[in-house]
Structures are given as structure tokens and as C-alpha cells.
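One structure below.
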Amino acid sequence: MANKADKVKARLPRGLVDRHASDIRATDKMLAAIREVYERYGFDPVETPMLEYTDALGKFLPDQDRPNEGVFSLQDDDEQWLSLRYDLTAPLARHVAENFNEIQLPYRTYRAGYVFRNEKPGPGRFRQFMQFDADTVGAPSVAADAEMCMMMADVMEAVGIKRGEYVVRVNNRKVLDGVMEAIGVTEEGQKLTILRAIDKLDKFGLEGVKLLLGAGRKDESGDFTKGAGLNERQIDKVLILFKIEDFAAEARASNSHYTEGVESGIIDARKAEDIRTKGIFGGLLHNLVGSARGLEGATELQQIWDMVVAGGYDDGRIRIDPSVVRGLEYYTGPVFEVELTAQIPNEKGEIVRFGSVGGGGRYDGLVSRFRGQPVPATGFSIGVSRLMTALKNLGKLGEGDVLAPVLVTVMDGDMEAMGKYQDFTQKLRAAGIRAEMYQGNWKKFGNQLKYADRRGAPLAIIQGADERANAQVQIKDLIEGKRLSEEIESNEEWRSSRPAQVTVKEEDLVAAVKRMLDEQAADRAVGA
RNA sequence: GCGGUCGUAGCUCAGUUGGUUAGAGCGCAGGAUUGUGGCUCCUGAGGUCGUAGGUUCGAUCCCCACCGACCGUACCA
């Protein structure tokens with residue numbers, strides 16, 4: 001044993017978590033549900049390693065020989081830099097480029113896996129987390145983007161989020177580019193600053209975004225964030241993106257035909273969405289006059305919307321929203337994200353806006369980075385860990401739905417008795433019942449039941465010398481016993497009464513256990 | 001990275017204006033009860049007071065640095 005002085009401290013690196021039985025089971029269940037949707041859409045699985053050459057990820061620091069700080073990196077023995085993948089898209093691009101001649105395009109593929117980001121962790125943000133992606137490589141048409149949006153909606157419902165509790169919001173980077181072009185912003189750094197500022201709307205509100213677009217913003221600790229340096233007129237132009245929605249809403253509210261139509265039910269959800277969307281496109285076209293790129297983006301959005309309508313997803317599941325940005329640089333066209341709209345309490349029970357649980361978009365440049373020809377691609381990513389957290393906080397995660405094993409207790413240590421216990425255990429297992437024989441120190445019998453109790457075992461099997469002599473076993477219902485214990489005060493009575501315990505013949509053990517488990521299951525069903 | 005708050009037992013936290021053996025509750029282990037979970041009672045283990053320096057006769061307390069946690073902010077490709 002290690003000396004006290006040089007004992008190694010057991011500690012988990014920050015931003016990482018150990019996963020327990022219930023997390024793993026719940027995750028497996030969720031992954032299966034998502035996989036089923038992807039398969040139904042005709043996507044096939046592929047797996048790539050967690051490590052890639054850093055240049056394949058495109059993650060070298062500008063003007064330096066070192067990988068970006070955000071990725072975990074190490075140097076191979078040939079001095080080449082390797083990095084842990086930070087998303088699943090860049091490795092897919094590498095895979096497709098490397099196997100270009102063998103892969104039939106359009107390539108429809110999905111994969112789940114852990115990704116790693118060397119960033120400051122926060123609540124619900126980790127340095128290792130799971131994503132579940134689907135992509136179509138080699139599909140130039142926005143029909144592929146529309147399909148992605150519809151599939152995202154189906155995934156939400158497959159994991160138990162009801163219609164109306166989520167929304168897939170769609171925009172197009174070209175629209176944003178068009179707006180920036182229209183106000184004369186051409187410098188890449190400034191463009192990025194503007195995009196980041198827009199992305200912070202839900203965090204800081206319109207006023208905060210205004211400051212970030214202009215001179216800058218000071219937070220409550222006194223820290224100052226430099227802004228994009230736009231002038232008043234330019235800021236207004238950018239903020240139009242958010243105001244289109246408001247203007248359209250105002251126009252509807254002040255139109256008596258509309259309000260009456262909604263009240264009388266003539267305008268249903270789908271019709272309302274149609275009117276809303278028309279308003280947004282009207283606003284977009286009006287504000288993008290003179291920007292070829294912006295108009296191209298609006299046209300693509302219109303095409304996506306037409307397909308959403310054709311697919312029947314125009315009932316609020318998918319919406320056009322010019323304020324969607326997405327952080328990643330590599331998007332070239334449509335971008336989308338799925339947001340939970342349900343009221344979700346956090347760990348402290350406060351209602352918070354949970355935000356995005358998945359997102360994606362078109363990345364036409366990513367595969368062609370490796371090849372001399374254009375390879376259009378689009379896809380999206382579900383943040384499995386975030387989605388899990390949301391479902392857990394919503395109370396939609398069926399916890400403890402795996403029953404703990406039946407415990408076969410050990411009362412005597414001689415070979416005859418031990419053989420019996422082993423036999424009981426295997427017979428239960430052969431009948432498909434989770435069972436285990438007590439493997440701790442059996443000499444303290446009370447500890448065995450305490451163990452069973454804490455483990456949540458539904459039943460305990462007991463056979464001492466007396467029962468063995470009569471070829472009998474006792475089956476103790478631990479759930480019922482626990483309930484009865486509330487009525488008993490003295491320990492002597494509690495022990496001698498042996499509550500919720502039955503004696504059966506050895507050969508009836510399996511049948512009796514099955515019957516008692518079924519009864520417990522029926523009780524649970526009534527309670528739930 | 002920047003700013004702030006904090007760090008005492010496995011957990012939640014007291015405490016000392018700088019002074020001898022640092023406490024409680026919960027949890028854990030043993031016993032009352034050598035064949036029965038819960039309740040009750042008794043007993044016990046467990047602490048370099050985050051780490052390392054400095055000031056001091058003396059530091060868990062004051063000062064400095066580092067580490068870690070939390071909050072805000074930046075970054076999030």
C-alpha cells in the first residue's frame with residue numbers, strides 16, 4: 001500500500017466527467033433513437049479515429065508552427081502534430097477526400113463520437129462531449145439542406161421532445177454577407193466580430209449587441225470588450241436582421257383580418273407560419289437590394305422554405321429566422337440550429353433559456369481543401385450531452401428503469417451450501433432474470449441485506465441449514481419489506497416478524513421469483 | 001486570458017480579534033443483535049485547516065506566489 005506521503009491524489013481533470021450506469025443507459029437509449037431516424041433517411045454509419053493530423057483539422061495557429069490553443073495536441077515521434085478532434089465534420093471531410101474514388105457521391109453518412117475542446121468549462125460545458133452528426137457530401141442543391149432541417153425535427157421528436165417544444169431555425173450566411181457588404185465591411189476580422197456580436201443576442205439583448213457592434217461593451221466586473229467599430233447607420237442596418245421579425249409581427253398584430261382570422265380559427269398554425277414567413281422574406285428582399293450575394297442567399301432560403309412546405313414541416317417545426325448565425329467560420333450557405341423552446345429548469349430549479357442543442361449548415365469548402373475540385377457538403381450535429389442535460393432537467397429521462405439484480409444471499413460457507421447458492425443464481429440467470437450471489441464477507445448476514453437494500457435489489461434469496469434440510473428457500477420481498485418497516489418500531493419485532501418473506505420449494509424458486517417480480521412491476525405501473 | 005468570490009473530516013459547514021489537545025451534523029466502520037434491511041442507543045476511525053514561502057516567540061487565521069473551485073467576461077476554430 002502507498003505511504004500517506006506519496007499517495008497519488010485521485011482527481012478528475014477539470015472539464016471532464018465520469019459517467020455512471022444510469023447516464024450510460026440513458027445515452028445508449030438516446031443514441032439508438034437518433035440512429036433509427038438517420039437510418040430511416042437512408043444514411044449509413046462511418047467511424048473515424050479521435051486523433052487526426054492537426055493540419056487535416058486545419059487548426060494551426062496563424063503564422064505559427066503550433067496548433068491552435070483550443071485543441072488538445074501532441075507531437076508524434078516523427079515530429080508531426082496530432083490533435084484530438086474538436087468536431088466530427090473536419091474528420092469526415094478528411095475521410096471523404098482520402099477515399100474519394102471509392103465513395104459514391106452523394107455520400108449520406110452519420111456517426112456519433114466524443115469530441116474534445118480545450119476551453120474553459122462551465123455548467124453543462126465540458127472538454128469532452130458527445131456529438132451525433134449526419135452529413136450529405138456531394139449534394140450541391142439546397143434540397144439537401146432542407147432535408148437536414150426536417151431530419152433534425154424528426155430527431156427531436158424521436159428522443160421525446162414534443163412538437164412545439166423545439167424549433168429548427170434556418171438562415172443563410174449569404175444573407176449576413178450581403179448585409180455586411182451593403183454597409184461596406186470587407187475586412188475578415190471585422191466581419192467575424194460582427195457575427196460574434198449578433199450571436200450574443202440572447203445573452204446580452206439588443207442593447208448589448210448594439211454596444212458590441214459599436215465601440216464596445218463593459219461587463220459587470222469592469223472588463224471591457226472591444227466592439228466592431230461600426231457607426232450608427234451601419235449598426236442599424238445590421239440590427240434590421242432582428243427587427244424584420246418584430247416588424248412582421250407588428251404588421252400582423254395591427255391587421256384586423258389577421259387577428260380575427262386567428263381568433264376564429266380560419267388562420268391555423270400552418271397558415272400563420274405562411275404569413276409570418278412571407279413577411280420575413282418581404283423584409284429581407286427590401287433590405288438586401290443592391291447586394292447580389294444577399295439576394296442569392298434570400299433566394300436559397302425561399303427554396304428551402306418551399307421544400308419545408310412541401311414536406312409538411314411548415315407548422316412551426318421549421319422556421320426561417322434571419323438572426324441565426326452559428327459560430328463556425330467554415331459555413332458557406334444555409335445555416336440552421338435546433339433550439340428547445342420549452343421552459344427548462346436548471347439544476348437550481350430556475351427557469352432558463354436552454355438554447356441550442358444542435359446545429360449545422362453547408363460547408364462547401366471543407367472537402368475541397370484536400371482536393372483541387374469543389375465538393376459541396378451539408379450536415380448537422382446533435383449535441384448529445386447537452387440534449388441529455390435538457391431531457392434530464394425536463395424530467396423526461398426514464399431513470400432507474402433497469403432493475404437491480406436479485407440477490408442470492410450466502411449463509412453457510414461449506415461446499416454443499418455454496419454449490420446450492422451458485423445453482424440458484426445460474427437458474428435465475430438462465431430464466432433471464434438479473435441475479436447475483438453475494439460476493440462480500442458473508443459471515444455478517446445483516447450486511448448482505450443492507451447491501452441488497454442499498455443496491456435496490458427487488459428480492460433476496462435466503463437458504464440456511466434449516467431450509468436446506470427441507471429443500472426449501474426463502475424469498476424476501478425487499479420493496480414490500482421496506483414499506484412494512486415504517487409500521488414497526490422495535491428492532492426485535494422487525495427481525496422476528498420477517499416481513500414480506502415467503503418459503504417455497506427449491507424447484508419452485510424460479511417460478512416464484514418471476515411471479516413476485518411481475519407483481520412488483522404491476523405495483524410500479526400503478527404508482528407511475 | 002482578464003476581473004471578482006472562495007478553499008477547514010468522505011459530504012455540508014462552524015471556529016480562532018494570531019495562543020495549548022480544531023469542532024458539529026450527516027456519512028462510514030464496529031457493537032447492542034454469532035439466521036434478516038429500517039428506527040434507537042453505545043463506541044470508533046478519519047484533518048500536513050488547498051500547496052509552498054514570508055512576517056511573528058507562536059500562523060488554520062496576517063502578507064505573497066502557485067494550484068483548484070465558483071461567478072462574470074473573452075475565446076469556442
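Chain A is the first sequence line, chain B the second, and so forth, proteins listed ahead of strands; every chain is numbered from 1. Because the structure is predicted, anything quoted here is derived from the model rather than measured.
- For the segment residues 434-458 of chain A, the set of residues with a heavy atom within less than 4.0 Å of an atom of RNA chain B comprises A:K443, A:K444, A:F445, A:G446, A:L449, A:K450, A:D453, A:R454, in numerical order.
- Comparing A:G70 and A:R14, the nucleotide of RNA chain B nearest to each residue sits closer to the 5' end for A:R14.
- When the P atom is compared between B:C49 and B:A59, the two are found 12 Å apart, to the nearest whole Å.
- Under the 30°/60° scheme for interplanar angles, the aromatic rings of A:Y110 and A:F132 are found to be tilted.
- Between A:W494 and B:U36, a side-chain N or O to OP1/OP2 separation shorter than 4.0 Å is absent.
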### Query
Starting at the 5' end of RNA chain B, what dot-bracket string do you get if Watson-Crick and G-U pairs under 3.5 Å are bracketed, crossing pairs use [ ], other-strand pairs use | and unpaired bases use dots?
(((((((..((((.....[...)))).(((((.......))))).....((.((..]....)).)))))))))....

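- Atom CZ of A:R66 has 12 or fewer neighbouring heavy atoms from other residues, nucleotides or ligands inside a 6.0 Å radius.
- For B:U36, one of the phosphate oxygens OP1 or OP2 lies less than 4.0 angstrom from a side-chain nitrogen or oxygen of A:R495.
- For the C1' atoms, the distance linking B:A52 with B:C63 amounts to 14 Å, nearest Å.
- Of the P atoms belonging to B:C61 and B:U48, the separation is 15 Å, rounded to the nearest Å.
- Across all strands, A:A465 comes closer than 4.0 Å to base atoms (heavy-atom distances).
- With both ends at atom P, the span from B:U34 to B:U51 equals 44 Å, rounded to whole Å.
- Here, B:A45 and B:G30 have their C1' atoms 10 Å apart, quoted to the whole Å.
- Remark: A:K427 pairs with A:D423 by the side-chain hydrogen bond (donor to acceptor under 3.5 Å, both in side chains) rule, at least two apart or across chains.
- Nucleotides B:G37 and B:G25 have their C1' atoms positioned 24 Å apart, rounded to a whole Å.
- Between B:C76 and A:K200, no contact under 4.0 Å exists linking OP1 or OP2 to a side-chain N or O.
- Evaluation of atom-type donor-acceptor distances gives no pair under 3.5 Å for the side chain of A:R196 against the base of B:C75.
- Comparing the C1' positions of B:G53 and B:A65 gives a spacing of 8 Å, expressed to the nearest Å.
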Check the interface with nucleotides 2-4 of chain B: list each N/O to N/O pair with the protein under 3.5 Å, or write none.
from: B:C2; atom 1: O2; to: A:D223; atom 2: OD2; distance (Å): 3.3

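- Counting only residues at least two apart or in different chains, salt bridge (charged side-chain N to carboxylate O under 4.0 Å, His left out) contacts with residues 458-472 of chain A comprise A:D412-A:R468.
- When the C1' atom is compared between B:A24 and B:A9, the two are found 11 Å apart, to the nearest whole Å.
- Open room surrounds CD on A:E47; 12 or fewer heavy atoms of other groups in view lie less than 6.0 Å from it.
- Remark: A:Y438 pairs with A:Y451 by the ring pair (Phe, Tyr, Trp, His ring centres under 6.0 Å) rule, at least two apart or across chains.
- As judged by a 4.0 angstrom heavy-atom cut-off over every strand, A:L484 is placed among residues making no nucleic acid contact.
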